[in-house]
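Below you'll find the structure, written out as structure tokens, and then a few comments.
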Amino acid sequence: MKQYECKLISQQEVSKDIWRMRVYTPQIVEQSSAGQFLHIRVRDSIAPLLRRPFGIHRIHRESGELEILYRVVGEGTNIMKTILPGDTVDILGPLGNGFNLNGNFNTAMIVAGGMGIAPCFYLIDSLLELQKKVILFWGVKTSEEIFIDVEILKVKGLEVHIATEDGSMGHAGFITDPLSNYLNTCLQKDIMQGFACGPNPMLDSLQRITKNSAMDWEVSLEAHMACGVGVCMGCGVSHRDGGFRMVCSDGPVFKLTEVDLHE
Amino acid sequence: MKQYECKLISQQEVSKDIWRMRVYTPQIVEQSSAGQFLHIRVRDSIAPLLRRPFGIHRIHRESGELEILYRVVGEGTNIMKTILPGDTVDILGPLGNGFNLNGNFNTAMIVAGGMGIAPCFYLIDSLLELQKKVILFWGVKTSEEIFIDVEILKVKGLEVHIATEDGSMGHAGFITDPLSNYLNTCLQKDIMQGFACGPNPMLDSLQRITKNSAMDWEVSLEAHMACGVGVCMGCGVSHRDGGFRMVCSDGPVFKLTEVDLHE
Amino acid sequence: MSDMKVQIGSLVLKNPVMTASGTFGYGTEYMDFFDVSLLGAIVTKTVTLEPRYGNPLPRIAETPSGMLNSIGLANVGIKRFLSEKLPALSTLDTKVIVNVAGHDIDSYAEVCRLASEHPRTDAIELNISCPNVRQGGLAFGTDAVFTAQVVAAARAVTDKPLIVKLTPNVTDIGDVAMAAVNAGADALSLINTLLGMGIDIHSRRPLIARGLAGLSGPAVKPVALGKVYQVAQKTDVPIIGLGGIMCWEDAIEFFLAGACAVQIGTLNFVDPQGALKVISGIDTYAKEHNISSISELTGAMIAPE
Amino acid sequence: MSDMKVQIGSLVLKNPVMTASGTFGYGTEYMDFFDVSLLGAIVTKTVTLEPRYGNPLPRIAETPSGMLNSIGLANVGIKRFLSEKLPALSTLDTKVIVNVAGHDIDSYAEVCRLASEHPRTDAIELNISCPNVRQGGLAFGTDAVFTAQVVAAARAVTDKPLIVKLTPNVTDIGDVAMAAVNAGADALSLINTLLGMGIDIHSRRPLIARGLAGLSGPAVKPVALGKVYQVAQKTDVPIIGLGGIMCWEDAIEFFLAGACAVQIGTLNFVDPQGALKVISGIDTYAKEHNISSISELTGAMIAPE
Ligand SMILES: Cc1cc2nc3c(=O)[nH]c(=O)nc-3n(C[C@H](O)[C@H](O)[C@H](O)COP(=O)(O)OP(=O)(O)OC[C@H]3O[C@@H](n4cnc5c(N)ncnc54)[C@H](O)[C@@H]3O)c2cc1C
Ligand SMILES: Cc1cc2nc3c(=O)[nH]c(=O)nc-3n(C[C@H](O)[C@H](O)[C@H](O)COP(=O)(O)OP(=O)(O)OC[C@H]3O[C@@H](n4cnc5c(N)ncnc54)[C@H](O)[C@@H]3O)c2cc1C
Ligand SMILES: Cc1cc2nc3c(=O)[nH]c(=O)nc-3n(C[C@H](O)[C@H](O)[C@H](O)COP(=O)(O)O)c2cc1C
Ligand SMILES: Cc1cc2nc3c(=O)[nH]c(=O)nc-3n(C[C@H](O)[C@H](O)[C@H](O)COP(=O)(O)O)c2cc1C
Ligand code: FES
Ligand code: FES
């Protein structure tokens, strides 16, 4: 079974228009791995008709709860934020293929852009459990989107680089600038594994930056979805073999080199 | 202007599936008369698409508030009952033509069936203000639908007859039975005015009972509505002249003798 | 400042938003709700030579994000329309488009002629697409040859701008559109309602007494947009787009697909001030995007691959 | 106890609910979600002679109570379908209806022949109604003459029950239906998607790369019901109804309009267990109403006035 009626535990606006929702769903927590996603019916109605896909932000094994971190952008998320504690939420999951953490690496480099940060927290927790060193490159429009105290991440042992487009924190500009500098100077690329999640232009530029690098990158993609489970064939991404792959069932995590993000 | 964003004051289930909603809307309160109705958008969404029509149950001139009494039957009313105090409700009103209280009568006889009771409270209040004597015939399926203590009505000076289909209170059967008896024995029909609101079979049987009576009857009808203001021509009722009248703009109150309730 | 004016043949509207036939009565009913003069135009309920009571009841029903209707062209007839209804609009500062229908070519021509003679009539909309009448209506609008005949007959009796309203219930709307244009239509409006049905499973009766009825509302918007796009690929005649418009964004979609103006139908029932909100939304959008004339948007969609 | 069995020609289903082509993959994908053997039948994604990647991206979008798709018959091709996909269904206790399409009459016949030869194929559904391909699809389904030709060609190469899937994008669906029946169809399924479009007003691009696409979901239910009713007035051949079914009540509507079975499409995406809920809802309804066989409901609507 992969369809659950989950009890909503809490719902909180952690920064302007960015919400964190916590639900009780021990089965999904149990089966999931970082990078997988959930497909949520925001209300039992024909408007909106389709489910909405969200990454898993964090899991809490002891309590059987998980968190979703989401930006309110349109009809679906505007409804989702009104679900109250105690209400049930109809969730499909865990869906898709998560990040591969079994590679032969000791340091993980994570690049997150905008809401791409959401699944990265689950990823970071998993990597730290595996005793990997984690370097986080986090790019946002403005520092208000940095919804937690960065010191907490540092205390956990992370190396954190921040870029804000408006220059209100860290590097002023895109996160790919400090990333690119870092990659140019860093020597041990062979023992590093890259993970990225963010808007297509960021991933596109990541593809350029890393073209001649020895490092492996996995990227988590987004696409408009209907089924979320590989049957409608709607959520394609162009593949270097000339055809398409389905983001929901072949991904959402792909090797950076296998997908074409240009269109 | 006849379209208002009204603040919801309270919302209460007064009996199983029968709800009372109170809204603040001084302009509608000011303009309305008993028997007129409101056309409510239960939420700002395309599902459900159309507004829902409801009679005005009571008005409170001092506070600028009015009440709606409604039965939860389908999608719209199921959503309506979830509107919370403080939320706003988009209401068109007052619409249609109310009861004519200016007739030359000293006693009013009111026949209410099921939710047909809703507008009758406003009507009773108005009649009492005009110092009329009021005889209420109230028919329901079961006594649970009698959502107030009947003694309160009696204290106000009303003569009250109750019929329940399951025999749990008053006459066991349809309200038209005691009504018919009453009409057969009552002598002063010329100084009485009848008002009725209820399901079509009740009104249909009222038409038969009163066929040879001298008394005038006004009835409030229901019909599925789109616009509520007489433009879509959807909510017709057959008229004895062979054509149709619009329930929303020609009614909802009609003379009992002018409409054909048979179909 | 952006210019909201649009031109449909010789008809100039102060803004591109009108209310659709059958959803705005005779133009006076909504005067209590807003200043009707703010509209680009009013299209009146279809008027026929003789008064009509319309179809048996029930004749409206709700469907998912839409509604079915089979009013059957209930109207007061051209005589009362000209003597009572049109004069009531005399002081309004907006255009009045009179929508007409007949049951055969002669009656189409005659009602069109009578309506055109009235000074308050700014344009004629020929309804050859009503799905809810036995004669006329769909029978004309689904056949290119009949369409040509009835449009030619109407054209012969009026000098006022002639808009022909098309049905989406056809295999190829381009054919019918071209027939109307070649027969003298100054503009096309589309879509009228889609044929549909609903059944009450408890009574086992159709939701609408006549069975089949016309579907409108947001549910049909994608179909309407597709038809506007298809017709716009075939002709340069001005297109008035309608079908399921609920907000200004929807109106912009219709412009981009090829419409130069839009009509608001079912939305009037849902929100009487909806048409005004569409107008101000378009206005704001145009200002924000430095669009000097709304007509720049017509057909401005980037062509599909 | 009511009997949920229905018969479609020689094909007997344990209940009247199937999943629609293109919305249930190759039948295995939803096995994690429920026991697929509970379905009356599975209709597989359209398969063509050659593998197809399908149309450019994006190819799905949401609309009011509906969705647009232009997948373009992406599929693994008949060879891999027969060697990999069909065998995976071997142990399922439900019927498998293989949906096929071609780009001309020969390829229709060939893919139909190959699919029929496989023992797991219980019936063929001929897709002559896909709006999202340049060749085949709509070009056949909107023309009675082409329809007759392609159905006859398929009939000639298969003895298995032959279901022909019709498009609603026609002026008179009865004509096309009769052409299919006269050419040998054992049953008809309708509707495939309605032609529609959507535009992203920010990018000014169509929501679907190819522009026009197919509309499905509850928005189209009234149209689908109307078409089923129209076809049922014309022929006694079994009709499989689909289009916007979201709950068991919707399925009953289709029966009353004239269908003997239904397919569930878009609902699968919204609620993978939706088809099961439809089955149990119908079952409960039949019991409560002492309906001894579901087929009693077919066409049981009280005729309109
Ligand atoms: C695998 C995956 C994981 C995601 N994880 C997160 C997350 O953790 N946090 C978060 O805030 N967002 C995430 N998104 C994006 C999220 O799905 C959209 O923001 C959301 O669907 C918007 O819905 P809406 O109704 O509010 O917006 P609308 O714009 O009204 O939605 C209209 C339609 O477009 C689709 N849509 C709109 N934006 C997107 C998008 N970016 N990606 C996919 N579909 C979209 C919607 O699902 C809907 O069908 C993820 C997307 C995918 C595919
Ligand atoms: C003038 C008027 C006054 C009314 N006053 C009251 C009142 O005071 N209290 C009360 O409980 N009910 C009243 N009703 C009935 C009320 O409008 C319906 O119960 C309500 O619309 C049901 O909506 P729904 O979405 O819950 O039901 P659904 O059955 O899901 O509604 C489906 C559609 O049918 C329409 N509909 C269903 N039942 C009725 C009905 N009885 N009358 C008209 N349309 C209907 C709905 O408006 C909607 O368009 C009144 C109706 C009219 C016409
Ligand atoms: C209740 C109703 C009555 C209508 N009557 C007419 C009519 O008399 N003449 C006409 O040309 N169109 C008529 N229409 C069609 C509308 O003008 C319009 O073409 C259609 O509803 C699609 O637009 P919408 O989705 O915005 O409503 C009517 C529509 C409705 C809903
Ligand atoms: C994403 C998607 C893909 C589809 N692919 C096919 C297909 O390959 N073959 C086919 O015959 N119909 C296809 N259809 C049409 C459906 O089978 C069905 O006819 C249509 O969606 C209407 O039913 P619904 O409203 O229940 O979805 C597809 C529909 C959707 C939404
Ligand atoms: S969303 Fe259906 S295949 Fe990916
Ligand atoms: S509801 Fe439109 S005329 Fe009465």
Side-chain angles (χ1 to χ4, degrees), chain B residues 1-5 27-28 31 39-53 73-76 90-96 200 221-250 259-263, chain C residues 19-35 44-46 51-76 205 207-209 213 216-219 221 244 246-247 265-274 276:
Chain B
M1 255 299 274
K2 287 195 166 183
Q3 181 168 15
Y4 303 97
E5 292 289 334
Q27 298 95 331
I28 296 181
Q31 302 166 56
H39 213 22
I40 300 186
R41 192 162 184 200
V42 297
R43 82 173 160 212
D44 181 9
S45 165
I46 52 169
L49 181 65
L50 298 177
R51 289 173 180 267
R52 299 294 187 259
V73 293
E75 190 189 4
D90 176 354
I91 303 184
L92 306 187
L95 302 180
N200 264 12
L221 303 182
E222 287 189 4
H224 286 221
M225 293 183 176
C227 68
V229 301
V231 311
C232 76
M233 312 297 258
C235 66
V237 57
S238 297
H239 196 265
R240 63 171 172 202
D241 73 8
F244 301 120
R245 290 295 180 282
M246 293 307 128
V247 173
C248 68
S249 53
D250 298 319
V259 287
D260 178 0
L261 303 166
H262 254 317
E263 313 159 279
Chain C
T19 47
S21 181
T23 67
F24 208 71
Y26 297 109
T28 52
E29 293 86 342
Y30 278 114
M31 286 181 182
D32 277 349
F33 291 84
F34 67 94
D35 179 1
T44 60
K45 173 78 189 163
T46 294
R52 294 174 60 100
Y53 279 127
N55 289 335
L57 305 167
R59 53 194 196 186
I60 50 167
E62 193 166 353
T63 67
S65 298
M67 64 175 284
L68 288 167
N69 90 78
S70 180
I71 308 301
L73 303 186
N75 78 95
V76 297
R205 288 179 191 281
L207 290 180
I208 303 290
S216 66
K221 193 188 72 170
M246 294 297 284
C247 57
T266 303
L267 172 58
N268 295 311
F269 310 153
V270 175
D271 182 3
Q273 298 184 64
L276 289 197

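Proteins come first, then strands; the chains are lettered A, B, ... in the order of their sequence lines, and each starts at number 1. The basis for the numbers below is simple: all heavy atoms, side chains too, and nothing from hydrogens, waters or symmetry mates.
- Chain B forms the most heavy-atom pairs under 4.5 Å with one residue out of Tyr26(C), Phe33(C), Tyr30(C), and that residue is Phe33(C).
- Atoms CE and CG, from Met233(B) and Leu73(C) in turn, are 10.5 Å apart once rounded to the nearest 0.5 Å.
- Considering OG1 of Thr266(C) and CD1 of Ile46(B), their distance stands at 12.0 Å, rounded to 0.5 Å.
- Heavy atoms of Phe24(C) lying under 4.5 Å from chain B belong exclusively to its backbone.
- Heavy atoms from other residues, nucleotides or ligands lying under 6.0 Å from CG of Asp241(B) number more than 12.
- Heavy atoms of Thr23(C) lying under 4.5 Å from chain B belong exclusively to its backbone.
- Proximity to chain B involves both the backbone and the side chain of Pro272(C), based on heavy atoms less than 4.5 angstrom apart.
- Neither the backbone nor the side chain of Asn69(C) has a heavy atom closer than 4.5 Å to any heavy atom of chain B.
- Contacts between Phe34(C) and chain B at a heavy-atom distance below 4.5 Å are absent for every atom of the residue.
- Taking CZ of Arg245(B) as the reference point, atom OH of Tyr53(C) lies at 6.0 Å (rounded to 0.5 Å).
- One finds the CG atom of Asp32(C) at 11.0 Å from the CG atom of Leu92(B) (value rounded to the nearest 0.5 Å).
- With chain B as partner, the option from Ala74(C), Gly217(C), Gly25(C), Gly22(C) having the largest number of non-hydrogen pairs under 4.5 angstrom is Gly25(C).
- Of the inter-residue distances, the one linking Cys227(B) atom SG with Asn268(C) atom CG reads 9.5 Å to the nearest 0.5 angstrom.
- Between Leu49(B) and Phe269(C), the closest side-chain pair of non-hydrogen atoms is not below 4.5 Å.
- The main-chain N or O of Pro48(B) is never found under 3.5 Å from a side-chain atom of Glu62(C) such that the two would form a donor-acceptor pair.
- Listed for the Glu29(C) side chain is no donor-acceptor partner under 3.5 Å among the backbone atoms of Val229(B).
- Interface remark: Asp271(C) contributes backbone and side-chain atoms alike to the contact with chain B (heavy atom separation under 4.5 Å).
- By the 6.0 Å contact criterion, CZ on Arg205(C) is open, its count of non-hydrogen atoms from other residues, nucleotides or ligands being 12 or less.
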